[in-house]
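Right, one structure below, let's go through it.
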Protein chains: 2
Amino acid sequence: MYALVMSEPSSSRTKVRRLAERASYDPATITTILDEALICHVGFVDDGAPVVIPTIHARIGETLYLHGSPASRMLRSMRSGAEISVNVTLVDGLVVARAAFHNSMNYRSVVLFGSPRIVDDATEKWAALEAITDHVIPGRWADSRPMTEKEFKGTLVAALPIDEVSAKVRSGGPSDDEEDYDLPIWAGVIPLQIRPSAPVADSLLTSEVPAPDYVVDYRRP
Amino acid sequence: MYALVMSEPSSSRTKVRRLAERASYDPATITTILDEALICHVGFVDDGAPVVIPTIHARIGETLYLHGSPASRMLRSMRSGAEISVNVTLVDGLVVARAAFHNSMNYRSVVLFGSPRIVDDATEKWAALEAITDHVIPGRWADSRPMTEKEFKGTLVAALPIDEVSAKVRSGGPSDDEEDYDLPIWAGVIPLQIRPSAPVADSLLTSEVPAPDYVVDYRRP
């Protein structure tokens, strides 16, 4: 998959310019980051000015799906065939260097460009909505009260091909200057993770329904 | 502070259009979100197309500071006085509704618009760099090997006034449809937090330097 980006940038835009040694065009790396991140940030141009909006995404094969209300600015701008940019970032840790200048973060980030299409095909749209629900909580779609036709029609789904894409990854310890390694200053990494705490049942639960395993044991992949 | 946004949207752009009941223009809410978030997402227009880049920010009073290499596309676009959009989002939990359609997230999000200025004043620039370092790890700036003049000159700092700004907040349990509350489907919230695990000392630490308290006890505010 991602034939265009197996070994090199698919366009001059996705060529990582800054700190190019952190760049990756490896499909498995890109897929993992897209699937692990809970949300993405979508950029679009509205009246000549940039707008950034956080939203939930899901990936099916080589397509990224977004959804929303037909009234949203983001989805209205997509209707016009305009280009968007999508960024997904996972912060894996804080890199504590000896030098203030070299403090950094360990992260995995993906950037995508393209012109999304609005999904009209009902089968594809149902699959996308299922994927978006299960992207956040795997298993939830099958357990939920299904979407009605009215809800389905009232939701817009957009599809962006994952081809103009790149990843940027930093991992490992600090990179200090040679002459600073002897300084008596602690250096290392503080790993960070998104962790769930115990699920809180809705106070309006009317019957004794136990929390399903995928809620009790919830973890990001 | 944020005089312009004490009680109402400061511009038609920051007026929250979708789900307006989640909107907030309260300075304390906005400040807390900006300070708690590790990173922000900056949107700018490059050659007519939107670009979104994750970066570290810091707030001093009513100004948001960003930094980077003078070679970065983001900072080059700021040099031209062009407008940017900044989004900061904290995901507080997953809202598990009975209906697939009503699944949601609890989040706190801030959106800012404006034309940043490049900070030339040395005093302001030093303060911004200290704030950016201590935004990520409070206390680190004073403990680090200080920035050299060369490093200082090689870093660009941009300042964005926090005035065209709004917040959007969702909290609490699911909002299902009246007729769905009797369904035997679990509903509730899975709270999420960013949690550190034990700090990992750099393998190249040459002396027995203990990890400082602000590293060992690291927590987001």
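Computed from a predicted model, the values in this text were never measured in an experiment. In the text below, chain A, chain B and the rest are named by the order of the sequence lines, each starting its count at 1.
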Legend entry - Under 4.5 Å from a heavy atom of chain B, the part of A/Val42 involved: backbone
Inset, instruction - Start with the C-alpha gap between A/Leu192 and B/Tyr218, add the side-chain angles, then the distance that decides, and say whether side-chain contact (heavy atoms from CB on, under 4.5 Å) holds. - result: CA-CA 10 Å; A/Leu192 295 179; B/Tyr218 187 79; 4.2 Å; yes
Inset, instruction - Scan for salt bridge (charged side-chain N to carboxylate O under 4.0 Å, His left out) pairs involving residues 209-221 of chain B, sequence neighbours excluded, and state none if there are none. - result: none
Legend entry - B/Arg195 and A/Ser197, any side-chain heavy atoms less than 4.5 Å apart: yes
Inset, instruction - Find the one option among A/Ala187, A/Pro196, A/Gly173 whose heavy-atom pairs under 4.5 Å with chain B are most numerous. - result: A/Ala187
Legend entry - Heavy-atom pairs under 4.5 Å with chain B, option from A/Met147, A/Glu208, A/Gln193 with the top count: A/Gln193
Inset, instruction - Please state whether the side chain, the backbone, both or neither of A/Thr155 comes within less than 4.5 Å of a heavy atom of chain B. - result: side chain
Legend entry - ring-ring contact (aromatic ring centres under 6.0 Å, His included) against A/Tyr214, all qualifying residues, sequence neighbours excluded: none
Inset, instruction - Tabulate, in ascending numerical order, the residues of residues 135-146 of chain A having at least one heavy atom closer than 4.5 Å to a heavy atom of chain B, or enter 'none'. - result: A/Val136, A/Ile137, A/Arg140, A/Trp141, A/Asp143, A/Ser144, A/Arg145
Legend entry - Side chain, backbone, both or neither of B/Ser203 within contact of chain A (heavy atoms, under 4.5 Å): neither
Inset, instruction - Write out, in numerical order, the residues from residues 89-103 of chain A with a heavy atom short of 4.5 Å from a heavy atom in chain B. - result: A/Thr89, A/Val91, A/Leu94, A/Val96, A/Ala97, A/Arg98, A/Ala99, A/Ala100, A/Phe101, A/His102, A/Asn103
Legend entry - Top contributor to chain A contacts, counting heavy-atom pairs under 4.5 Å, from B/Val215, B/Leu183, B/Asp47: B/Val215
Inset, instruction - Measure the spacing between CG of A/Asp202 and CG of B/Asp176 and express it to the nearest 0.5 Å. - result: 7.5 Å
Legend entry - Side chains of A/Val51 and B/Phe113 in contact at under 4.5 Å (non-hydrogen atoms): yes
Legend entry - Straight-line distance of B/Leu38 CG to A/Met105 CE, nearest 0.5 Å: 4.5 Å
Inset, instruction - Heavy atoms only, distances under 4.5 angstrom: which of A/Pro174, A/Gly68, A/Ser109, A/Ser85 has the most pairs with chain B? Name it, please. - result: A/Ser85
Legend entry - Portion of B/Ile132 that has a non-hydrogen atom of chain A nearer than 4.5 angstrom: neither
Legend entry - Between B/Gly48, B/Pro191, B/Ala198, B/Gly172, the one whose heavy-atom pairs under 4.5 Å with chain A are most numerous: B/Pro191
Legend entry - Residue, of A/Leu129, A/Asn87, A/Val86, A/Val45, that accumulates the most heavy atom pairs under 4.5 Å with chain B: A/Asn87
Legend entry - Any donor-acceptor pair under 3.5 Å from B/Thr206 side chain to A/Tyr181 backbone: yes
Inset, instruction - Would you mind telling me which of B/Ala211, B/Gly154, B/Pro184, B/Ala82 has the largest number of heavy-atom pairs within less than 4.5 Å of chain A? - result: B/Ala211
Inset, instruction - With a 4.5 angstrom heavy-atom cut-off, could you sort out which part of B/Asp177 is near chain A: side chain, backbone, both or neither? - result: side chain
Inset, instruction - Find the one option among A/Thr148, A/Thr133, A/Asp182 whose heavy-atom pairs under 4.5 Å with chain B are most numerous. - result: A/Asp182
Legend entry - Shortest non-hydrogen contact from B/Pro199 toward A/Trp186: CB-CH2, 3.9 Å
